[in-house]
Peer 1: 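Sharing a structure here in structure tokens format.
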Amino acid sequence: MLSEPRSGRLAAWGNALLVGLVSPDDAVLEIVGDDAVHRVEGLPGESAPVGLTLALGRLRTLGVTGLRVALPAPGHPLGLSGPPEFNARALDAEEAVVCYGAAFGLVPEVYEAGPEGDVHVEVVWHVLPVREAPPADVPSLGEAERELAEALRDATDVLSRLDVAGSGPVAEAAIDAYRARAERGRKVLAPGYPPRAVRVLELSQRVGVLVSLAYENGHGGAVSASEMVARGAALRPVERTARRAQVAAYNSVVEERERGVR
């Protein structure tokens, strides 16, 4: 979770485009980010892959009024609503976008080529049918914010007691550097999102960085089997909480629209 999911960029800037807050060119620029190109395959009425601008316009004419994010993991179909075929593809990709207003979903397939430091990335979004049903296990923004604060406190306490890499000053420095790079590179969310969604997404990314650092830096001081088990037990729920919060943040404008807030 060191970087924002592509599904998050597509949903956030797609939502801004659908309500007229950004231009198609600006939305596509933000969605593509550092990738070379994004295409959409399987769009109704198209026999070949098309560009994002055409695809987003076509989805709007098909009845799509919003885009939600799904970030599933094994045993946790977060943000999905079926059918099984779509869920399986989304689980393989570890992310997906689910349309609101029409029964379509988009799953990314990433192609990389070139040497380290000069990798050419192309993304193909596959359009598939989805079941029109509430997404699985997505909390409200308020719930997500409370859960994140509690999970961060609990995990930091456990990891610090176990002297696990990723829980001290080195981790804080890495998190600060990551956030500085993110702030230089792009906005946290697209126009139209409530400030609370921005706050929840920032905190979920911070928690995600902490979890990633703890996993990537070996076992740290947790040298015994029991300590390693304790570390894993501390990390798994906080990682799950961070993913749930990310989905809640990205989906918040659609959820507000569904409740009639806007």
Peer 1: Donor-acceptor pair, Arg153 side chain versus Leu148 backbone, under 3.5 Å?
Peer 2: no
Peer 1: How far apart are the closest heavy atoms of Val207 and Ala242, and which atoms are they?
Peer 2: CG1-CB, 3.9 Å
Peer 1: Is there a side chain to side chain donor-acceptor pair (under 3.5 Å) between Tyr250 and Asn15? Walk through the geometry before answering.
Peer 2: CA-CA 10 Å; Tyr250 285 123; Asn15 282 327; over 6 Å; no
Peer 1: Is the closest basic N to carboxylate O distance between Glu150 and Arg146 below 4.0 Å?
Peer 2: no
Peer 1: With a 4.5 Å cut-off on side-chain heavy-atom distances among I, L, V, M, F, W and Y, is there a chain of contacts connecting Val123 to Phe86?
Peer 2: no
Peer 1: Ser81 side chain to Glu132 main-chain N or O, any donor-acceptor pair under 3.5 Å?
Peer 2: no
Peer 1: Does Leu67 belong to the same Ile/Leu/Val/Met/Phe/Trp/Tyr cluster as Val130, with side-chain heavy atoms less than 4.5 Å apart forming each link?
Peer 2: no
Peer 1: Tell me, please, which residues at least two apart from Arg6 pass salt bridge (Lys or Arg N to Asp or Glu O under 4.0 Å).
Peer 2: Asp35
Peer 1: Could you walk me through whether Leu43 and Leu54 pass the side-chain contact (heavy atoms from CB on, under 4.5 Å) test, one step at a time?
Peer 2: CA-CA 10 Å; Leu43 195 66; Leu54 190 156; 4.3 Å; yes
Peer 1: Between Cys99 and Leu106, does a side-chain contact (heavy atoms from CB on, under 4.5 Å) hold up when you go through it step by step?
Peer 2: CA-CA 8 Å; Cys99 298; Leu106 297 92; 3.8 Å; yes
Peer 1: Is there a donor-acceptor pair closer than 3.5 Å between any side-chain N or O of Asn87 and the backbone N or O of Gly82?
Peer 2: yes
Peer 1: Under the criterion side-chain contact (heavy atoms from CB on, under 4.5 Å), I'd like the reasoning laid out for Val40 against Leu59: C-alpha separation, chi angles, the key distance, then a yes or no.
Peer 2: CA-CA 11 Å; Val40 181; Leu59 288 172; over 6 Å; no
Peer 1: Where do Leu141 and Ser252 come nearest, in terms of heavy atoms and distance?
Peer 2: CD1-CB, 3.6 Å
Peer 1: Less than 4.5 Å apart, side chain to side chain, heavy atoms only: is that true for Val124 and Pro49?
Peer 2: no
Peer 1: With heavy-atom distances below 4.5 Å as the criterion, would you say the side chains of Arg68 and Glu255 are in contact?
Peer 2: yes
Peer 1: Does any non-hydrogen side-chain atom of Leu201 lie less than 4.5 Å from one of Ser204?
Peer 2: yes
Peer 1: Determine whether Arg9 and Glu30 satisfy the following criterion, salt bridge (charged side-chain N to carboxylate O under 4.0 Å, His left out), listing intermediate values before the conclusion.
Peer 2: CA-CA 7 Å; Arg9 295 205 305 264; Glu30 293 289 346; over 6 Å; no
Peer 1: Under 3.5 Å, is there a donor-acceptor pair between the side chain of Glu95 and the main chain of Ser7?
Peer 2: yes
Peer 1: Between His120 and Glu112, is a side chain to side chain donor-acceptor pair (under 3.5 Å) present by the stated rule, with each step listed?
Peer 2: CA-CA 6 Å; His120 178 90; Glu112 297 183 349; over 6 Å; no
Peer 1: Are Val98 and Val69 close enough, and set up right, to give a side-chain contact (heavy atoms from CB on, under 4.5 Å), and what steps lead you there?
Peer 2: CA-CA 6 Å; Val98 179; Val69 170; over 6 Å; no
Peer 1: Is there a side-chain contact between Trp13 and Pro191 in this structure, where contact means two heavy atoms from C-beta onward sitting under 4.5 Å apart?
Peer 2: yes
Peer 1: Could you state whether Leu91 and Val247 fall into the same hydrophobic cluster, counting links through intermediate Ile, Leu, Val, Met, Phe, Trp or Tyr residues with side-chain heavy atoms under 4.5 angstrom apart?
Peer 2: no
Peer 1: Would you kindly confirm whether Leu21 and Leu29 end up in one hydrophobic cluster when ILVMFWY residues are joined by side chain heavy atoms under 4.5 Å apart?
Peer 2: no
Peer 1: So do the side chains of Trp125 and Val107 get within less than 4.5 Å of each other, counting heavy atoms only?
Peer 2: no
Peer 1: How far apart are the closest heavy atoms of Ala102 and Leu62, and which atoms are they?
Peer 2: CB-O, 3.7 Å
Peer 1: Quick check: do Leu71 and Glu94 have side-chain heavy atoms less than 4.5 Å from each other?
Peer 2: no
Peer 1: Do any N or O atoms from the side chain of Arg39 and from the backbone of Gly51 form a donor-acceptor pair under 3.5 angstrom?
Peer 2: no
Peer 1: Let me know which of Pro135, Ser140, Pro134 forms a side-chain contact (heavy atoms from CB on, under 4.5 Å) with Val138.
Peer 2: Pro135
Peer 1: If we ignore hydrogens and angles and just use 3.5 Å, is the side chain of Arg58 paired with the main-chain N or O of Pro44 as donor and acceptor?
Peer 2: yes
Peer 1: Locate the shortest heavy-atom distance separating Thr53 from Pro24; write the atom from each residue and the value.
Peer 2: CG2-CB, 4.0 Å
Peer 1: Report yes or no: do Leu10 and Val121 belong to one cluster of Ile/Leu/Val/Met/Phe/Trp/Tyr joined by side chain heavy-atom distances under 4.5 Å?
Peer 2: yes
Peer 1: List the atom of Ala27, the atom of Leu17, and the distance in Å for their closest heavy-atom pair.
Peer 2: CB-CB, 4.1 Å
Peer 1: Taking all atoms of both residues into account, what is the closest heavy-atom pair of Pro72 and Pro77, and its distance?
Peer 2: CB-CA, 4.1 Å
Peer 1: Supply the atom-to-atom distance Leu80 CG to Asp137 CG, rounded to the nearest 0.5 angstrom.
Peer 2: 11.0 Å
Peer 1: Return the CG to CD distance between Asn251 and Glu256, rounded to the nearest 0.5 Å.
Peer 2: 11.5 Å
Peer 1: Do the non-hydrogen side-chain atoms of Thr65 and Leu18 ever get within less than 4.5 Å of each other?
Peer 2: no
Peer 1: Would His76 and Arg244 satisfy side chain to side chain donor-acceptor pair (under 3.5 Å), going step by step from the backbone distance to the final call?
Peer 2: CA-CA 10 Å; His76 189 206; Arg244 293 180 77 238; 4.7 Å; no
Peer 1: With a 4.5 Å heavy-atom cut-off, do Phe104 and Pro129 have their side chains touching?
Peer 2: no
